[in-house]
S.K.: 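Just passing along the structure, written as structure tokens.
Each residue takes its place number in the sequence, starting with 1. Start at 1 and go down the list; that is how both ligands and their atoms are numbered. Every value quoted in this text rests on a predicted model; they were computed, and no experiment measured them.
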Amino acid sequence: MKSALCRNRHFVLAALSMVMVRVSYCKLTKLSIPAIAVYFGTKGRYEEVNPHLIDDILFVNKSVVSPPAPDCQAVHLVAVIRHGTRFPTSKNIRKIHRMYDVVMNEASGNEQWLRDIKSKWSMWYTEDMDGKLVEKGKDDLRHLAVRLSKSFPTLISEENLRGERIEFITSSKHRCVDSIQAFQDGLFKHWNVEDVGFRHNVNDSLMRFFDQCKRFVEEVENNKTALKEVALFKSSQEMDEVCRRMAHRLQIPHSQITPDLVEAAFFLCSYEFAIKSKNSPWCNLLDEVDARVLEYKNDLKQYWKRGYGHEINRKSCCILFHDIFRRLDQASYDYRFGEATKAVTIQVGHGETLLPLLSLMGFFRDETPLTAKNFPQQQSRKFRSSRIVPYAANLLFVLYECTDGLRLQVFLNEKPVTFPNISDPAPLYHTVRKHYSDLLGGCGFKKECELPKDKFKNTEL
Ligand SMILES: *[C@@H]1O[C@H](CO)[C@@H](O)[C@H](O)[C@H]1NC(C)=O
Ligand SMILES: *[C@@H]1O[C@H](CO)[C@@H](O)[C@H](O)[C@H]1NC(C)=O
Ligand SMILES: *[C@@H]1O[C@H](CO)[C@@H](O)[C@H](O)[C@H]1NC(C)=O
Ligand SMILES: *[C@@H]1O[C@H](CO)[C@@H](O)[C@H](O)[C@H]1NC(C)=O
């Protein structure tokens, strides 16, 4: 609706009686999105990767999700979904409070936004909010559920739900459990049926494999040098200039503005927007140049902790990779020899679940690693978490039955993605299996994740 009005502005202008109202409406909707919102990384709204949803949150572009050929029919879907919009974690809430205190006590200047922060904005983040799902986060999943059932109506159907052919699996974190319940709630409301308390299974081995992979924990998670590129970038020239500009805007000595405080302002702008849909006065502390630097800092962290930076980041998710292909194999077996027992698997986890899986499968791999030094050369990098893992990000594996055999198509955030090195957007399933034969034949959780001394301990016992 909104953008239709905006697009037709000239036409609408002719309708004299409405002119003032509509023009200001268009301005308002534009102004309500911070200019830096596309750089929020893992703290970004889903709507920024699918802007058409801003106008109609339930819109499905049928030509994008239609079967690869008219003779094909969807037979199975595995969806790996990140939880919806959430509160900041306690650690980031403490940072936000420090930034707030600095601005309240030290900043001078007469700009309207600064006066707004000081007189109109009040601190409402408390530590007990610790990463919980917010109301907008529930809506993210409710709406996603409706769109997916519109996209794949033969799979996500009331009949399949009642027949228990849809399986729900989640990480144990409250924000994920709340997300999967919101997803189910979205389906019930859409079909206008009563919530009969459909179950879900908690499975952290699958959805939080990163906690259980000892090699990952020791070599990356608890290892400061594993993320040294992030630390180097924090003390880079680029970051220092961001601090300098922010100090200047606030009229505070440069020495008092640290990268952590700059990041806290970035968080404030992103959370106010994601949670409350507000273009908060805090967003004025940063411009697009600053936001690109902070986005890169976030991408560096994801790259070295969850992506291609260290081999074990990717290998830590072997168990989820095998689980997905086991489901697809089962579906292809069922399809050949009888009746399908399962149509859909909905798996809810984290950004930290999706990034290793995408990396293991070779998506968004840049030729040159992301480092503290090559920010200028990485402007058009593929590994961009703002595009890949916003809140409610989702990776869909859709198996189709076609005249020439089974085909597999992958969608990220409801848009088709092509497998690395396979040009066909929906290749034959056996081609995909062949492509990943090394991983399918190996990539064992034990082999990849156990530490030598564990094996030693085990034999001692
Ligand atoms: C739907 O997707 C197609 C193909 O990507 C695109 O050309 C078309 O503009 C989209 N339609 C709408 C209404 O967004
Ligand atoms: C979790 O999933 C894995 C892989 O499919 C499976 O082996 C394991 O039994 C599941 N655990 C629970 C508690 O369901
Ligand atoms: C920590 O990370 C560095 C850099 O990747 C690596 O060389 C080192 O072996 C790691 N330390 C441990 C204990 O795994
Ligand atoms: C794709 O092909 C390139 C070049 O042949 C190769 O280096 C790369 O490993 C391949 N990627 C995957 C995921 O197979």
S.K.: State, yes or no, whether a side-chain contact exists between F419 and D424 at a heavy-atom distance under 4.5 Å.
M.R.: no
S.K.: Return the orientation label for the F321 and Y436 ring planes: parallel under 30°, perpendicular over 60°, tilted otherwise.
M.R.: perpendicular
S.K.: May I ask you to decide if the ring planes of H350 and F210 are parallel, tilted or perpendicular, using 30° and 60° as cut-offs?
M.R.: perpendicular
S.K.: With atoms numbered from 1 as shown, which atoms in ligand 1 lie under 4.0 angstrom from a non-hydrogen atom of V64?
M.R.: 2 (O), 5 (O)
S.K.: Under a heavy-atom criterion of less than 4.0 Å, does L206 contact ligand 2?
M.R.: yes
S.K.: Would you check whether N203 has a nitrogen or oxygen atom less than 3.5 angstrom from a nitrogen or oxygen atom of ligand 2?
M.R.: yes
S.K.: Can a salt bridge be assigned to the pair R162 and E158 using a cut-off of 4.0 Å between side-chain N and carboxylate O?
M.R.: yes
S.K.: Between K91 and D130, is a salt bridge (charged side-chain N to carboxylate O under 4.0 Å, His left out) present by the stated rule, with each step listed?
M.R.: CA-CA 8 Å; K91 189 176 129 211; D130 192 19; over 6 Å; no
S.K.: Aromatic rings Y303 and Y308: how do their planes relate, parallel, tilted or perpendicular, breaks at 30° and 60°?
M.R.: tilted
S.K.: Atoms of ligand 1 less than 4.0 Å from F59 heavy atoms?
M.R.: 13 (C)
S.K.: For residues D323 and V78, determine if any side-chain heavy atom of one lies less than 4.5 Å from a side-chain heavy atom of the other.
M.R.: no
S.K.: State the atoms of ligand 2, each with its element, that fall below the 4.0 Å cut-off from a heavy-atom position in D323.
M.R.: 4 (C), 5 (O)
S.K.: Just grab all the side-chain hydrogen bond (donor to acceptor under 3.5 Å, both in side chains) pairs involving residues 144-155, residues at least two apart or on different chains.
M.R.: R147-E414
S.K.: Could you tell me if any non-hydrogen atom of R326 lies under 4.0 Å from any atom of ligand 2?
M.R.: yes
S.K.: Can you sort out which atoms of ligand 1 are near S63, meaning under 4.0 Å from one of its heavy atoms?
M.R.: 1 (C), 2 (O), 3 (C), 4 (C)
S.K.: Output the set of protein residues with a heavy-atom contact under 4.0 Å to ligand 3, ordered first by chain identifier and then by residue number.
M.R.: E219, N223, T225, A226, H310
S.K.: Does any non-hydrogen side-chain atom of I346 lie less than 4.5 Å from one of I169?
M.R.: no
